[in-house]
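Structure first, commentary second.
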Amino acid sequence: MSAHLENAPGRNRLEGKVALVSGGGSIGPGWGNGKTAAVVYAREGARVAVTDWRLEAAEETANIIKAKGGEAIALQGDATDEADVARIVAEVIAAWGRIDILHNNVGGSGTGKHLGDMTLDDWNATMARNVTSAMLMCRETVPHMEKQGGGSIINISSIASLRHLTTPTAVYASGKGALNELTKNIALHYA
């Protein structure tokens, strides 16, 4: 995020809302999609629960939010694990009583780029990161959204789900394509 954007004021469009950002840390130094989304939600007035499988990554994002006067908590967990997801959602509900925004940012390409080098373990792990994680987070969060009268779910996909990117990405593209269809199904069912 550029310095001028990083310091831009918010308009409090999310005041009183709670955002849960899954994959809200950053894989490496700098700004990733999840970290940026979490900070923008906070800038707009939301209280933000930042989750990541690496607690230090979630804490880094939460600390950025707090340093700018926002409210955030950092939670460690594996978004592909049912028990971790249930615990994360329960902790957010215990802390703030609601979840208005679920932002599923967990994903990644894995090593299986094309059919010739794809293993079943890689397929399963990549599908878990890109599809199962979002399904578990949605399944655990939607009942709370229904009780409170609504909410928003943002599932982060990829252009690779729509077209070939001139490089083999068979598992990743399949996972993101499945995420697109999961998202459509949930949206139509709960609209």
Side-chain angles (χ1 to χ4, degrees), residues 1 5-6 14 17-111 121-122 124-142 144-145 151-158 160-161 171-172 175-176 178-179 182-183:
M1 185 182 292
L5 289 177
E6 190 175 335
L14 299 176
K17 304 288 185 185
V18 173
L20 169 55
V21 180
S22 177
S26 185
I27 293 172
W31 291 90
N33 291 338
K35 181 192 270 185
T36 301
V39 171
V40 170
Y41 290 138
R43 180 183 299 148
E44 290 299 329
R47 292 171 286 175
V48 183
V50 182
T51 73
D52 205 278
W53 67 275
R54 293 181 316 119
L55 182 58
E56 62 274 11
E59 287 173 335
E60 179 186 7
T61 303
N63 289 337
I64 290 168
I65 291 168
K66 291 176 194 175
K68 298 203 177 282
E71 196 173 342
I73 56 175
L75 302 168
Q76 188 279 329
D78 179 352
T80 68
D81 180 89
E82 284 183 282
D84 272 6
V85 169
R87 177 187 49 78
I88 288 165
V89 171
E91 287 184 31
V92 177
I93 294 297
W96 292 320
R98 61 188 301 115
I99 299 171
D100 299 287
I101 301 160
L102 172 61
H103 185 107
N104 287 309
N105 187 66
V106 173
S109 62
T111 58
D121 286 343
D122 182 59
N124 290 337
T126 304
M127 292 300 255
R129 273 191 310 278
N130 289 289
V131 186
T132 306
S133 63
M135 180 278 292
L136 291 173
M137 293 298 288
C138 289
R139 190 181 71 185
E140 199 65 36
T141 303
V142 164
H144 297 286
M145 289 180 168
S152 296
I153 298 172
I154 297 96
N155 292 328
I156 302 302
S157 187
S158 168
S161 70
V171 184
Y172 178 72
K176 291 301 188 177
L179 179 62
L182 173 69
T183 302

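Values below: every heavy atom of this structure, side chains too, minus hydrogens, waters and symmetry copies. We're numbering straight along the sequence, starting at 1.
Shown here are the salt bridge (Lys or Arg N to Asp or Glu O under 4.0 Å) partners of R139, two or more places apart in sequence or in another chain: E82. With sequence neighbours excluded, the residues forming a side chain to side chain contact (heavy atoms under 4.5 Å, CB included) with A74 are L55, A58, E59, A62, listed by chain and number. Remark: E60 engages K35 in a side-chain hydrogen bond (donor to acceptor under 3.5 Å, both in side chains) (not counting sequence neighbours).
Shown here for E91 and L75, the closest heavy-atom pair between the two residues is OE1-CD2, 2.8 Å. Taking every heavy atom of both residues into account, A79 and V106 meet most closely at CB-CG2, 3.9 Å. Across every non-hydrogen atom of T126 and G108, the tightest pair is CG2-O, 3.5 Å. Heavy atoms only, all atoms of each residue included: V92 and A49 are closest at CG2-CB, 3.5 Å. Between M137 and V85 the shortest heavy-atom distance is SD-CG1, 3.4 Å. Shown here for L179 and A134, the closest heavy-atom pair between the two residues is CD1-CB, 3.5 Å.
Considering CZ of R98 and NE2 of H144, their distance stands at 12.0 Å, rounded to 0.5 Å. In this structure, the separation between NE2 on H103 and OG on S152 is 12.0 Å, given to the nearest 0.5 Å. Rounding to the nearest 0.5 Å gives a distance of 5.0 Å between CD1 of I88 and OG1 of T51. Distance check, rounded to the nearest 0.5 Å: CG of L102 to CD1 of I153 gives 5.5 Å. Atoms CD1 and CZ, on I99 and R47 in that order, are 11.5 Å from each other to the nearest 0.5 Å. The CE atom of M135 sits 12.0 Å away from atom CE of M127, with the distance rounded to the nearest 0.5 Å.
Between the side chain of R54 and the backbone N or O of S26 there is at least one donor-acceptor pair closer than 3.5 Å. Using a distance-only test at 3.5 Å, with no hydrogens or angles considered, a donor-acceptor pair links the side chain of T61 to the main chain of G24. At distances below 3.5 Å, not a single donor-acceptor pair connects side-chain atoms of N105 with backbone N or O atoms of V21. Between the side chain of D84 and the main chain of G77, no donor-acceptor pair closer than 3.5 Å is present.
Put simply, the side chain of I101 reaches to within 4.5 Å of the side chain of I154, judged on heavy atoms. Taking the side chain as every heavy atom from C-beta outward, L20 and V18 never approach each other to under 4.5 Å. No side-chain heavy atom of I65 sits less than 4.5 Å from a side-chain heavy atom of Y41. The shortest side-chain heavy-atom distance between V39 and I64 falls under the 4.5 Å cut-off.
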Legend entry - D122/V171 under side chain to side chain contact (heavy atoms under 4.5 Å, CB included): CA gap, chis, key distance, verdict: CA-CA 8 Å; D122 182 59; V171 184; 3.8 Å; yes
Inset, instruction - Show your reasoning for whether side chain to side chain contact (heavy atoms under 4.5 Å, CB included) applies to C138 and N155. - result: CA-CA 9 Å; C138 289; N155 292 328; 4.2 Å; yes
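W53 CH2: 12 or fewer foreign heavy atoms inside a 6.0 Å radius.
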